Amino acid sequence: MPMKKRANWGSRMGFILATVGSAVGLGNVWRFPTVVAENGGGAFVLLYLLMVLLIGLPTMVGELTLGRAGNRNVVGVFSQLTTRMHKWWLIGILPILASFAVLSFYTVVAGWSLLYVFSSLAGITADLGTTELEKLFNFLTGNVYFPILGQFVFMALTVSIVIIGVRKGIERYVTFLMPAVVLLMLILFARTLFLEGAWEGIGWFFRPELQQLSFNTALEAVGQVFFSFSLGMGAIIIYGSYLGKDSNIPMNSILISGADVGVALLSGLIVIPSLFAFGISPETGPGLIFVTLPAIFNTFPGSILWTTIFFLLLTFAALTSAVSLLEVIVSYLKEERKWSRSISAIFVGGLIFVVSIFAGLSQGPYEEIALAGMNFFNFLDFTASNILLPLGGLCIVLFIGWVWGTQQASAEITRENRSFKWAAAWSILIRYLVPISIGYILISGLLF
Ligand code: TRP
């Protein structure tokens, strides 16, 4: 199949920021503190950090390398890099399912964030205590119209950016908006430290209670790493395909992963201590940040402005991630099926919007309807994060390790005289340790 030339990134910084833009999103700010709270604190944090080093970082190197070598979308890359096994395109279907499932609930949370921009701007969140903030969250999300409106606007924005194109669309804004998110979070963190009872929460965050360690927690940790690093479905493969041939892949991977872990830990260190300070239950679920963060801002002078800016930035961070998720499906339809970019974006975006309506309603009016013991929203999250993404990651590392070959991959990494000091260690990780750990945790975590 003839290949069109893909655009390269304007600068190294532009590439890193855009990839960080994909990786840093609701997964760090919203999902990480929520799963830490639900999984017993320190034990989960410990497992998460372990999974980052053992699985996340090596897989990040693998996906970037695969993308740069294949110069294609996720489905095409497999058939391109091997002539031996034409069936490998089949594993390309997994990412498309995963991306669809993730976006369907991602849009819901991003829609909430958008609703909070307007609620705080209207002064509704100002002066509320945590009990009232919890009521407000239940009101906003328990209603039929508000969430759908938020989701619609968010999806429309995502689709528009995908139509404009990756580079022009995102690179420009990420440069100044991502640092702004981090700055605001640092201020929140500093404030949290002075809340009464906060340090107890910090202890809970870092002290692993060994009886909390279980396969279930390990599976949650793996799922969180894949979700947060945007791994396991080819989003990072696509970013890699835009990378220049002389770029340093291992260094880029460390910078991207480091930034991602940093933002997640920062969010955890804001939300968890404030649970202790405000006496909020860790079992609060998906509404956690929508209760705790406005509560902290309400202790600031000019809280309306702070809260509005924060949720605006969070919506933006979600947008850069959603764009990369939609891009997975759009680039497949465009390059393998020859659909036009706009038609694919509008069609897929529309379809996901419809599914997201049900996901949104399952957090509110239709909470009781259960699938495998979970409401539809949690079902989508669980299936995508804890099953589809690790499974996708497993296929990707097996492909790199055993079909394409780590020799070939290392040769790609060391092009243009780049050094790759850990080539041997990385190769063992990719061929044995990563696939065995993922497989083991996936099976045990689902069974026990
Ligand atoms: N990593 C993003 C976040 O933390 C979400 C995301 C974007 C994603 N692209 C992805 C997750 C691809 C999995 C796969 O919010």
Side-chain angles (χ1 to χ4, degrees), residues 17-36 48 52 55-56 59-60 62-64 66-67 73-74 92 94-113 154 158 161-162 166 170 174 178 181-182 185 221-240 253 256-268 286 289 313-332 348 352 380-396:
L17 283 169
T19 316
V20 168
S22 154
V24 174
L26 298 172
N28 311 63
V29 181
W30 161 77
R31 200 174 187 279
F32 181 74
T34 310
V35 286
V36 170
Y48 164 78
V52 164
I55 296 176
T59 309
M60 172 77 73
E63 283 204 26
L64 284 178
L66 197 56
N73 65 76
V74 65
L94 206 57
I96 293 184
L97 282 179
S99 157
F100 199 99
V102 170
L103 258 181
S104 307
F105 73 88
Y106 209 82
T107 307
V108 174
V109 183
W112 294 344
S113 178
F154 182 78
T158 308
I161 294 181
V162 169
V166 172
I170 341 174
V174 174
M178 292 308 289
V181 177
V182 174
M185 289 179 73
V222 171
Q224 176 60 26
V225 171
F226 274 101
F227 189 92
S228 186
F229 281 20
S230 306
L231 293 173
M233 67 159 69
I236 296 294
I237 295 182
I238 296 184
Y239 280 88
S253 306
I256 296 160
S257 313
D260 193 76
V261 171
V263 176
L265 291 179
L266 190 56
S267 181
I289 67 160
L313 289 172
L314 182 63
T315 309
F316 177 78
L319 196 57
T320 53
S321 301
V323 164
S324 97
L325 282 159
L326 190 56
E327 192 65 43
V328 169
I329 312 182
V330 167
S331 72
Y332 162 73
V348 179
I352 291 172
L380 285 169
D381 186 354
F382 185 87
T383 317
S385 316
N386 296 357
I387 302 175
L388 295 176
L389 294 180
L391 218 50
L394 182 64
C395 294
I396 291 171

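Every value quoted in this text rests on a predicted model; they were computed, and no experiment measured them. Both ligands and their constituent atoms are indexed starting at 1 by order of listing.
N28 places no side-chain N or O within donor-acceptor distance of the main-chain N or O of V263, the cut-off being under 3.5 Å. With hydrogens and angles disregarded, a donor-acceptor distance shorter than 3.5 Å links the side chain of Y106 to the backbone of L26. A donor-acceptor pair is defined here as one N or O able to donate and one able to accept, closer than 3.5 Å; such a pair exists between the side chain of T320 and the backbone of A317. Between the side chain of Q224 and the main chain of Y48, no donor-acceptor pair closer than 3.5 Å is present. Between the side chain of S99 and the backbone N or O of L325 there is at least one donor-acceptor pair closer than 3.5 Å.
An N or O contact shorter than 3.5 Å is missing between L325 and ligand 1 by distance. By the 3.5 Å distance cut-off applied to N or O atoms, V24 is not counted among the residues near ligand 1. For the pair F227 and ligand 1, the shortest N or O to N or O distance falls below 3.5 Å.
Residue, atom and distance of the protein heavy atom nearest to atom 15 (O) of ligand 1 are Y106 OH, 2.4 Å. Atom 9 (N) of ligand 1 has as its closest protein heavy atom S324 OG, 3.0 Å. The protein heavy atom nearest to atom 13 (C) of ligand 1 is S230 CA, 3.6 Å.
Nearest-residue assignment for atom 3 (C) of ligand 1 (options A322, A23, S99, A318; heavy-atom criterion): A23. Among E327, Q224, M233, the residue whose heavy atom lies closest to atom 14 (C) of ligand 1 is M233.
Of all atoms in ligand 1, numbered sequentially from 1 with element shown, those under 4.0 Å from a heavy atom of G27 are 3 (C), 4 (O), 15 (O). Near A235, meaning under 4.0 Å from any of its heavy atoms, are these atoms of ligand 1: 12 (C). Ligand 1 places these atoms under 4.0 Å from at least one heavy atom of L26: 15 (O). Ligand-side atoms of ligand 1 in range of S228: 1 (N), 4 (O), range being under 4.0 angstrom from any heavy atom.
Residues S321 and S22 have side chains that never bring a donor and an acceptor to within less than 3.5 angstrom of each other.
Under 4.0 angstrom from ligand 1, the non-hydrogen atoms of S321 come from both its backbone and its side chain.
Residue contacts with ligand 1 leave out W30, since none of its heavy atoms falls under 4.0 Å from the ligand. Contact between N28 and ligand 1 is present, with at least one heavy atom of the residue lying under 4.0 Å from the ligand.
Once rounded to the nearest 0.5 Å, the distance linking CE of M233 with CD1 of I329 reads 8.0 Å. Once rounded to the nearest 0.5 Å, the distance linking OG of S104 with CG of L380 reads 5.5 Å. The structure places CE of M178 at 7.5 Å from CZ of F316, a figure rounded to the nearest 0.5 Å.
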